[in-house]
Visitor: 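Please read through the structure below; I'll follow up with questions.
Worth knowing before you read on, the calculation uses all heavy atoms, side chains too, and leaves out hydrogens, waters and symmetry mates. Order of listing sets the numbers, starting from 1, for every ligand and every atom in it. What you see is a predicted model, and the numbers here were worked out from it, not measured in a lab.
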Amino acid sequence: MSKESKQTEYSAKNINVLKGLEAVRKRPAMYIGDVSSRGLHHLVNEVVDNSIDEAMVGYCDRIDVQINKDGSVTVSDNGRGIPVDIHPVEKRSALEVVMTVLHAGGKFDKNSYKVSGGLHGVGVSVVNALSEWLKVEVRRDGKIFFQEYKRGIPVKPVKEIGKTKRGERGTTTTFFPDSEIFKVTEFRFDILTERMRELAYLNKIITINMKDERNGGEEVSYHFKGGLIEFVKYLDASRQALHKTVYIEGEKDNTPVEIAFQYTDGYSENIFSYVNNINTHEGGTHLVGFKTALTRTLNNYAYKNNLIKEGKITLTGDDFREGLTGVISVKVAEPQFEGQTKTKLGNSETKSAVETLVGEKLAEFLEENPPVGKKIIEKCMRAAEAREAARKARDLARRKNALDNMNLPGKLADCSITDPEHCEIYIVEGDSAGGSAKQGRDRKFQAILPLRGKILNVEKAKLNKILENNEIRAMISAIGAGLGAEFDHSQARYGKIILMTDADVDGSHIRTLLLTFLYRHMKDLITSGKVYIAQPPLYKIKKGKEEFYAYDEKERDQILKRLKVDGKEKKKVEEKEEEPVAGEATEEKEIKGVVISRYKGLGEMNPEQLWSTTMNPETRTILQVTLESAANADKIFETLMGDDVEPRKAFIEKHAKYANLDI
Ligand code: 0RA
C-alpha cells in the first residue's frame with residue numbers, strides 16, 4: 001500500500017471515530033440513560049465494569065476507585081492491561097481503538113461473560129466522549145503506556161512512558177466529566193460506594209478500595225470472602241434469620257449459578273437477581289427457574305417427611321417466599337434482555353439450568369439439615385395461614401366497599417378530568433395543609449388526599465392489619481389499582497403520585513412511611529416512575545412588595561446577597577436559627593427592611609403561596625423517586641422501619657445531609 005493511500009485510510013477511520021464521538025455527545029442519554037446525577041455516576045460504573053470483566057475471566061482481583069481533589073475519578077486495576085499493539089484492521093494502537101471506537105471494548109475475547117445490556121456495556125469510549133479530558137495508563141510486558149484525550153479525541157498517539165516494576169500489570173483510567181454535557185459534575189462518594197459494595201459481594205475474589213480525596217480522604221475497602229452469603233446477611237442486618245444461610249454454587253450447561261437465601265421473621269419477599277453483575281429488576285428466566293425449583297422441592301420435602309397434613313392446607317408459591325431474603329447471580333454468555341427497562345432476562349436455557357441445579361442442591365441440603373428443613377416448612381405454613389386470614393379480612397373490606405374505587409374516600413378532593421395521564425394526586429400530611437392544598441390547586445387535574453398523622457408502619461404489620469388502617473385504605477381506593485400481587489399500575493387513576501410532607505423530622509418520617517407502603521405494596525408505581533416528592537420552600541424573603549422563595553440555605557443566602565444584606569447580618573440569621581419543630585409558628589426576622597421567614601410546616605403557607613411555590617407545574621420542582629438499586633432500597637426501608645434502633649440511627653446520621661431519600 002502506498003504511503004498516500006495508507007494516510008487516506010487512516011483519516012477515513014478518523015472521520016468514523018469523530019462521527020461516533022459526535023453521536024454520543026449529541027445524544028448522551030441514548031448511551032448512558034440521562035445526563036443527571038444518575039448518568040454521571042454511570043460513567044464510573046462503566047469504567048469499573050471493564051475491570052470487573054477482567055476479574056470474571058480470572059485475571060484481576062483488585063480495583064481502586066478514587067475521587068481526586070480536582071473532582072476527577074481514577075479507576076485502577078491489576079488485570080492484563082488493555083492491549084496496546086497495532087490493531088490489524090484499524091492500523092493504530094488497540095488501546096486507542098478501545099478508547100475511541102464505539103463498542104470496540106469487547107471484541108478481543110469472545111468466550112467470556114461480558115457485562116452487557118441495560119445501561120452498562122456501552123464501552124469506555126462513551127465515557128471518553130463525555131469527558132472534558134481522560135487519561136489512560138496501561139502496564140503490560142514490563143512497560144508503561146499512556147494516552148490522553150480531550151472530549152474523546154486523542155491528544156497524541158499512544159506513548160511508552162516508562163518501565164513497570166517486575167510483573168506489574170494493569171490499567172488506570174482518570175477522567176473528568178464534561179460540564180457541557182452534565183448538569184452536575186460533582187461525584188457523590190456514597191453513590192459510588194453503593195455499587196462497588198454490590199460488585200464486591202457479587203464477585204468474592206475481588207477487593208475494591210475506595211478513597212475520596214476531596215474532604216478528609218474518606219476511605220473504604222470492600223472484600224467479602226463469603227460472597228453472596230455475606231450479601232444476604234447484610235440485607236438482613238436488622239431482620240432475624242431463622243436458620244443458617246442456604247448456599248448453592250455450581251455450573252449447569254455452561255451457566256455458572258450462585259445463590260444464597262434464608263428465611264427471616266419478616267413478611268416481605270426480597271429476592272434480588274443478577275445477570276453478569278447487572279441487577280435484573282424485572283426478574284426473568286433465572287428467577288422463574290429458582291422460584292419453580294424452590295416451590296417444588298420444598299413441597300416434595302414437606303410431604304415426604306409428613307410435615308404437611310394431607311388436605312389441611314395447600315401452600316402456594318407465595319407462601320414459600322414469605323420472609324425470604326435471597327440473591328441469585330448467574331453468568332450468561334449472550335444474555336437477552338427484555339422488558340420495559342431491559343432488565344428482564346429472556347434466555348430460556350437459563351431457566352432450566354437454574355431450576356435443575358437448585359432442585360438437586362436444595363434437596364441435598366434439606367436431607368443433610370433436617371432441623372432447617374422443618375423450620376422452613378413451619379414458616380411457610382404460618383404464611384399460608386396468615387394469607388387465609390388476610391383473604392377473609394379483604395373479602396370483608398370489599399363487601400364494605402372500602403377497597404373499591406367505586407367508593408372513593410370522603411377526604412379525597414378529586415380532580416375533574418379522568419384521564420390518568422394528565423391527573424395527579426397530592427398525598428398531603430395533615431388536614432390543615434390539606435385544606436390549603438385543596439384551595440390552592442388546579443382542580444381540573446390535581447386531586448388532594450389529606451392524611452391524618454402517622455400512617456401505619458407496614459414493615460412491621462401483617463397484611464390483615466394493614467388493610468384495617470384507614471389512611472392506607474384511603475390511598476388504596478384513591479389510587480384505584482389494587483394492592484400487592486394484584487396491583488396493576490396501568491390501572492392507577494393518576495399519572496403522578498406526589499407526596500407532600502413538612503420539611504421537618506416528622507415530615508420526613510411520614511414520607512418514609514408512605515414510601516415504605518408504596519414500595520412494599522405498590523412497587524410498580526415506583527418502578528414505572530409515577531411517584532414524586534414535592535419540594536416546598538424553606539424560606540420566604542420579603543423586601544417591600546417583592547417576595548422570594550428559597551428551597552435551601554444556599555439559595556436563601558444567594559437571595560440575601562442580591563438584596564445586599566451583608567455577610568455579618570447573614571451570620572446572625574444562622575445563629576438564631578433552630579431546628580424546626582412541627583406545629584410551631586413561622587419565625588420571622590427583619591434585617592434592613594428584609595423580612596426572612598422560615599416555613600415550619602406546609603400548613604403555614606396560604607393557598608396561593610402553596611400553589612405558586614410547590615404545586616404549579618410551571619414553576620415547581622418535584623423529585624422523581626427512582627429505584628436505582630433494589631437491594632439498597634430494601635435495605636434502606638428495612639433499616640428505617642425495622643425493629644433495631646442502632647442501624648437506623650447510624651443510617652439517619654450518615655444521610656442527614658441529603659434532604660431526600662434517594663432509593
Ligand atoms: C481485552 C483483552 C485483554 C485485556 C483487556 C481486554 C482489558 C480491558 C480492560 C479495561 C479495563 N481494564 C482492563 N483490563 C484488561 C488482554 C488480552 C491479552 O493480554 O491477551
Side-chain angles (χ1 to χ4, degrees), residues 31-32 41-66 72-90 92-116 119-131 133-149 152 154 158 160-161 163-176 192 195-196 199-200 202-203 205-210 276-278 331 333-334:
Y31 299 85
I32 54 160
H41 291 87
H42 269 303
L43 297 181
V44 181
N45 296 342
E46 187 58 50
V47 177
V48 171
D49 281 349
N50 290 295
S51 304
I52 293 283
D53 283 347
E54 190 68 0
M56 283 205 273
V57 283
Y59 292 103
C60 162
D61 65 5
R62 206 200 69 229
I63 303 173
D64 301 321
V65 179
Q66 178 168 311
S72 62
V73 165
T74 298
V75 177
S76 195
D77 68 45
N78 65 347
R80 288 168 295 179
I82 301 177
V84 291
D85 42 339
I86 300 299
H87 192 276
V89 182
E90 298 276 344
R92 49 206 171 104
S93 168
L95 175 60
E96 182 175 318
V97 176
V98 167
M99 299 309 295
T100 57
V101 179
L102 293 185
H103 303 292
K107 279 186 189 156
F108 301 92
D109 277 319
K110 252 255 118 177
N111 52 351
S112 62
Y113 306 99
K114 286 262 173 245
V115 172
S116 60
L119 292 175
H120 301 272
V122 290
V124 71
S125 59
V126 167
V127 178
N128 197 10
L130 301 177
S131 293
W133 55 262
L134 183 147
K135 295 174 187 177
V136 62
E137 186 192 284
V138 169
R139 299 168 294 281
R140 250 182 103 92
D141 310 326
K143 296 173 190 144
I144 306 173
F145 302 91
F146 175 85
Q147 192 167 37
E148 181 179 359
Y149 317 80
V158 173
E160 189 188 319
I161 56 162
K163 303 266 176 276
T164 65
K165 281 189 219 133
R166 213 186 140 79
E168 197 191 0
R169 307 176 308 173
T171 306
T172 301
T173 311
T174 302
F175 67 97
F176 193 91
L192 294 182
R195 170 67 178 157
M196 297 311 137
L199 282 170
L202 292 166
N203 302 276
I205 57 151
I206 56 169
T207 302
I208 306 184
N209 303 306
M210 304 196 59
N276 303 349
N277 296 317
I278 297 165
K331 303 278 153 63
E334 282 180 49

Visitor: Using atom types as modelled and distance alone, determine if a side-chain donor or acceptor of Ser125 lies under 3.5 Å from a backbone N or O of Val101.
Guide: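 Pair found, side chain donor or acceptor close to backbone of Val101.
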Visitor: Side chain, backbone, both or neither: which part of Pro83 comes within less than 4.0 Å of ligand 1 when only heavy atoms are counted?
Guide: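 Pro83 to ligand 1: side-chain contact only, backbone stays beyond 4.0 Å.
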Visitor: Against heavy atoms of Ile82, which atoms of ligand 1 measure under 4.0 Å?
Guide: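 Taking each heavy atom of Ile82 in turn, ligand 1 has 8 (C), 9 (C), 10 (C) under 4.0 Å.
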Visitor: What atoms of ligand 1 come closer than 4.0 angstrom to any heavy atom of Thr171?
Guide: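 In order of numbering, the contacting atoms are 12 (N), 13 (C), 14 (N).
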Visitor: Can you check which of Arg140, Arg169, Glu54 brings a heavy atom nearest to atom 16 (C) of ligand 1?
Guide: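 Considering heavy atoms of Arg140, Arg169, Glu54, the nearest to atom 16 (C) of ligand 1 sits in Arg140.
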Visitor: Give yes if a backbone or side-chain nitrogen or oxygen of Asn50 is under 3.5 Å from a nitrogen or oxygen of ligand 1, and no if not.
Guide: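 By distance alone, the answer is no.
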Visitor: Atom OG of Ser72 and atom CG of Leu134: how far apart are they, to the nearest 0.5 Å?
Guide: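 Result: 10.0 Å between the selected atoms.
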Visitor: Between the side chain of Glu137 and the main-chain N/O of Ile144, is any donor-acceptor distance below 3.5 Å?
Guide: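 Not a single qualifying donor-acceptor pair exists.
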Visitor: Who gets closest to atom 4 (C) of ligand 1 by heavy atom: Gly81, Gly79, Ala55, Cys60?
Guide: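 Nearest heavy atom to atom 4 (C) of ligand 1 lies in Gly81.
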Visitor: When Arg139 is tested against each of Asn78, Thr164, Thr172 for side-chain hydrogen bond (donor to acceptor under 3.5 Å, both in side chains), which residue passes?
Guide: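 Testing each of Asn78, Thr164, Thr172 against Arg139, the sole residue satisfying side-chain hydrogen bond (donor to acceptor under 3.5 Å, both in side chains) is Thr172.
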Visitor: Quick check: does any side chain N or O of Thr171 sit under 3.5 Å from a backbone N or O of Ile82, one acting as donor and the other as acceptor?
Guide: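 Present.
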